[in-house]
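Letters A, B, ... mirror the listed sequences (proteins, then strands); counts begin at 1.
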Amino acid sequence: MDYVLNFLRLLQQLIAKNVVIEHFGLENARSICGVDVAYKGEEGIAVAVRFDGNSYQHNVVKGKVDFPYIPGYLFMREAPIMLKALEGLSCDLILMDGHGIAHPRKSGIATVIGVLLEAHTMGVAKSKLVGDVVEEGGVQYVVVNGEKVGVKAGKYYYSPGNKTDLQDALDLSMRGYPEVLRVADKLSKELKR
DNA sequence: GCGACAG
DNA sequence: ATCTTGTCGC
């Protein structure tokens with residue numbers, strides 16, 4: 001499995017070179033999607049929820065998940081099934097569990113999916129993967145090598161995935177935990193029964 | 001060698 | 001993520 005991780009690391013470095021960190025502006029997101037995955041042993045249940053400001057809609061995908069969870073390589077385990085769940089949904093902004101550039105190689109799952117789909121994405125994680133939390137002007141930033149790569153608000157970490165920036169992460173964090181993610185999490189966990 | 005370690 | 005009882009608090 002050593003070969004695989006070496007290769008995947010190169011892939012992540014390539015992805016990191018293609019990330020686009022630029023201001024999006026949440027006000028430009030007419031539709032926001034949230035994706036989450038729950039497990040029942042080897043079976044993964046992915047749910048993608050879309051909210052367009054008026055109504056909700058969602059996709060459910062179940063399938064075997066082979067790749068193990070390895071810190072730093074989450075995308076290999078969850079990106080495939082997440083992408084399937086997102087099929088057919090048009091989302092101006094995609095949110096998902098996990099980090100974006102707040103990653104050892106600036107290539108968290110939100111970045112991988114964002115670059116792959118050329119979409120606006122943002123990672124929302126429940127715990128830190130890398131960096132130090134530094135407060136500045138009333139805001140808690142996730143800092144890696146002196147660079148601010150994310151924002152911590154409450155117990156959540158927000159970091160740009162692709163075609164979004166730190167300002168977007170801060171703006172999103174101030175809206176509180178995204179409802180689409182709360183719904184996706186709740187739905188995926190109750191559908192595995 | 002030791003500690004850290006998204007879901 | 002999942003396993004898994006009781007317990008503290010609004």
**Report entry** Whole-Å gap separating P (B/dA6) and OH (A/Tyr156)
**Finding:** 16 Å
Report task. Rounded to the nearest angstrom, tell me the gap between atom CD1 in A/Ile45 and atom C1' in C/dT2. Result -> 12 Å
Query raised in the report: In whole Å, what is the span from the NZ atom of A/Lys152 to the P atom of B/dA6?
Result: 14 Å
Requested in this report: May I ask you to evaluate whether A/Ser127 reaches the phosphate of B/dC5, defined as a side-chain N or O under 4.0 Å from OP1 or OP2?
Outcome: no
**Report entry** Nearest-Å distance for atom pair CG/C1', residues A/Asp132 and B/dC5
**Finding:** 14 Å
Report task. Could you tell me whether A/Arg77 sits above the aromatic face of A/Tyr39, with NZ or CZ closer than 6.0 angstrom to the six-membered ring centre and within 45 degrees of the axis? Result -> yes
Query raised in the report: When we call it a touch if two heavy atoms are under 4.0 Å apart, what does A/Gly123 touch: a base, just sugar-phosphate, or nothing?
Result: nothing
Query raised in the report: A/Pro80 and A/Phe75: which non-hydrogen atoms are nearest, and at how many Å?
Result: CD-O, 3.4 Å
**Report entry** For the student: nearest non-hydrogen atoms of A/Asp92 and A/Arg30, plus distance
**Finding:** OD2-N, 2.8 Å
Query raised in the report: Under 4.0 angstrom, heavy atoms only, what part of the nucleic acid is A/Ala38 near: base, sugar-phosphate, or nothing?
Result: sugar-phosphate
Query raised in the report: Is A/Lys40 near enough to C/dA1 that one of its side-chain N or O atoms lies under 4.0 angstrom from OP1 or OP2?
Result: no
Report task. Report the distance from atom OH of A/Tyr157 to atom C1' of B/dC5, rounded to the nearest whole Å. Result -> 13 Å
Query raised in the report: Any salt bridge between A/Asp171 and A/Arg175, counting N to O under 4.0 Å?
Result: no
Query raised in the report: With a 4.0 Å cut-off on heavy atoms, is A/Tyr39 in touch with a base, just the backbone sugar-phosphate, or nothing at all?
Result: sugar-phosphate
Query raised in the report: Within 45 degrees of the axis of the six-membered ring of A/Tyr141 and under 6.0 Å from its centre: does A/Lys148 put its NZ or CZ there?
Result: yes
Query raised in the report: Any side-chain N or O of A/Lys126 less than 4.0 Å from the OP1 or OP2 oxygen of C/dA1?
Result: yes
Requested in this report: Provide, to the nearest angstrom, the distance between the CD1 atom belonging to A/Ile109 and the P atom belonging to B/dC5.
Outcome: 19 Å
Report summary line: From CD of A/Glu42 across to P of C/dC3 the rounded distance in Å is 14 Å
Requested in this report: Side chain of A/Arg77 only, please: which of B/dG7, C/dT2, B/dC5 is the nearest?
Outcome: B/dG7
Query - Distance, rounded to the nearest Å, where A/Met82 contributes CE and B/dA6 contributes P - result: 14 Å
